[in-house]
Amino acid sequence: MLLEVNDFGLYCKQADVYIDPWRPVKRALITHGHADHMRWGNQYYLVHKDTVPVLKVRIGADVNFESVSYGEVKIINGVKFSYHPAGHILGSSQIRCEYKGEIWVVTGDYKLHNDGLSPEFEPVQCHHFVTESTFGLPIYEFKSPLLIFDDIKNYWAENQKNKENTIILCYSLGKAQSILNQIDENTDNVFLHGAVANLNESFREVGYNFVGERITGAHNKDHFDKSLIIAPPSVLGSAWMRKFGNYKVAFCSGWMQLRGAKNRKGVDKGFVFSDHCDFSSLNNAVKMSGAEHVYVTHGYETQYAQWLRESMGLDAQIMKTLYSDEEMMQEEGKETLE
Ligand SMILES: [Zn+2]
Ligand SMILES: [Zn+2]
């Protein structure tokens, strides 16, 4: 087996590297910048070039790293590694590993829907496919994010008619940028929580410019007039929200499909918007990989592995990892990004 899980993470013995290790190791290949996949303390990081800004913000500017572009091949002790678009967030990658004709693909987190910003998911043929299963039940069926962005813009316009500000709560890394990417660059009525502003500024280094003004201690109610405010869910119920006077607040999460905004305290509206695959996207990705062996990680791994065995006739098994459910963490205000 080219890859196997041990106490530190997903290990490639032949190359002596780990993919998204959860304990510090010598060499780490990282699928993307979210905190549970890219952890602190490794001696060396290999990341996609668009993950570099996040690596510097989160892990440190003096960290030892190398970056690659999509499709570029890096050979380590005879094993060919390459990164391919995962469609999850900027820089997110599936990592392909090949040795003596055996090919593995580790998806990290991914989605098939186009969000207009992250390069679209690229199907990569392999024998062994490692997939997440955050929304791996048939009840999860997501609309295209591009339609959700229209809903968000309409919501903002509606609130403007009522002379209210609009606060959108979403993950600072990923959803925040894809929403901002849809807003006209000349709009001057968009404001950002510091966590979002920090990431946006770092992305400038790799050529991305997002609209929005950083909210500082100097801002008060007078600065906001029918504005759009983008912030992480952790601000919900905090004193920070008092700055905005009259406002409506909405939450973006795949979990909104299950529970809806009404059952979530303190928000007026929910947008069903996720950076992960819904159920049919997972199935499509598995089919497109052509893999006979599928390893199901974080999410509904028991149910989804069973589904793959019984309905698709695949050799599917659970792969126990220590990645968390990002969307659930955000909902609970435990976004560990900063
Ligand atoms: Zn992620
Ligand atoms: Zn994940």
Side-chain angles (χ1 to χ4, degrees), residues 3 5 8-10 18-23 28-40 45 47-48 50-55 57-59 83-95 105-113 115 117-121 129-137 140 142 145 170-179 195-196 199 202-203 232-234 252-255 273-279 281-282 285-286 294-302 304-305 318-332 334-338:
L3 297 180
V5 172
F8 293 82
L10 192 47
Y18 284 83
I19 296 175
D20 293 356
W22 43 83
R23 283 163 71 178
L29 276 51
I30 302 293
T31 59
H32 68 291
H34 281 146
D36 54 325
H37 290 266
M38 182 169 71
R39 297 190 193 225
W40 184 84
Y45 293 79
V47 298
H48 182 267
D50 286 348
T51 302
V52 171
V54 186
L55 179 77
V57 168
R58 290 215 16 250
I59 310 291
Y83 285 42
H84 303 267
H88 175 57
I89 61 169
L90 275 181
S92 67
S93 306
Q94 310 170 72
I95 299 181
V105 168
V106 179
T107 57
D109 294 333
Y110 67 108
K111 72 172 177 296
L112 269 55
H113 280 128
D115 66 22
L117 178 64
S118 324
E120 278 189 78
F121 177 89
F129 189 63
V130 181
T131 179
E132 53 130 326
S133 58
T134 307
F135 294 104
L137 291 182
Y140 293 106
F142 301 147
C170 61
Y171 212 7
S172 323
L173 175 56
K175 289 176 189 165
Q177 289 78 33
S178 57
I179 293 170
V196 178
L199 284 162
S202 74
F203 277 121
S234 54
C252 296
S253 166
W255 298 113
F273 170 30
S274 178
D275 278 330
H276 294 267
C277 281
D278 60 7
F279 185 70
S281 298
L282 285 172
V286 168
V294 182
Y295 308 85
V296 184
T297 68
H298 57 314
Y300 292 104
E301 54 264 39
T302 308
Y304 192 60
I318 297 167
M319 182 182 264
K320 276 277 163 226
T321 56
L322 290 192
Y323 311 125
S324 55
D325 177 343
E326 291 155 7
E327 300 226 342
M328 194 66 92
M329 299 280 282
Q330 299 161 45
E331 266 207 47
E332 290 168 357
K334 289 183 196 147
E335 183 178 342
T336 48
L337 188 73
E338 291 79 32

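Atom set for the values below is all heavy atoms of this structure, side chains included, hydrogens, waters and symmetry mates excluded. What you are looking at is a predicted structure, and each value in this text was computed from that prediction instead of being measured. Remember, it's 1-based here, ligands and their atoms both numbered in the order they're listed.
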Is there a side-chain contact between Ile318 and Tyr304, using heavy atoms and a 4.5 Å cut-off? no
Would you call the rings of His37 and His32 parallel, tilted or perpendicular, where under 30° means parallel and over 60° means perpendicular? tilted
Applying side-chain contact (heavy atoms from CB on, under 4.5 Å) to Ala285 and not counting sequence neighbours gives Tyr110, Leu112, Phe121, Phe129
For the Zn ion (ligand 2): protein N/O/S atoms at distances below 2.8 Å: 4
My understanding is that only residues two or more places apart in sequence, or in another chain, count here; which of them pass side chain to side chain donor-acceptor pair (under 3.5 Å) with Ser202? none
Residues in side-chain contact (heavy atoms from CB on, under 4.5 Å) contact with Thr134, at least two apart in sequence or another chain: Glu132, Trp255, His276, Asp325
Verify the distance criterion only: is there a donor paired with an acceptor across the side chains of Asp278 and His113 at less than 3.5 Å? no
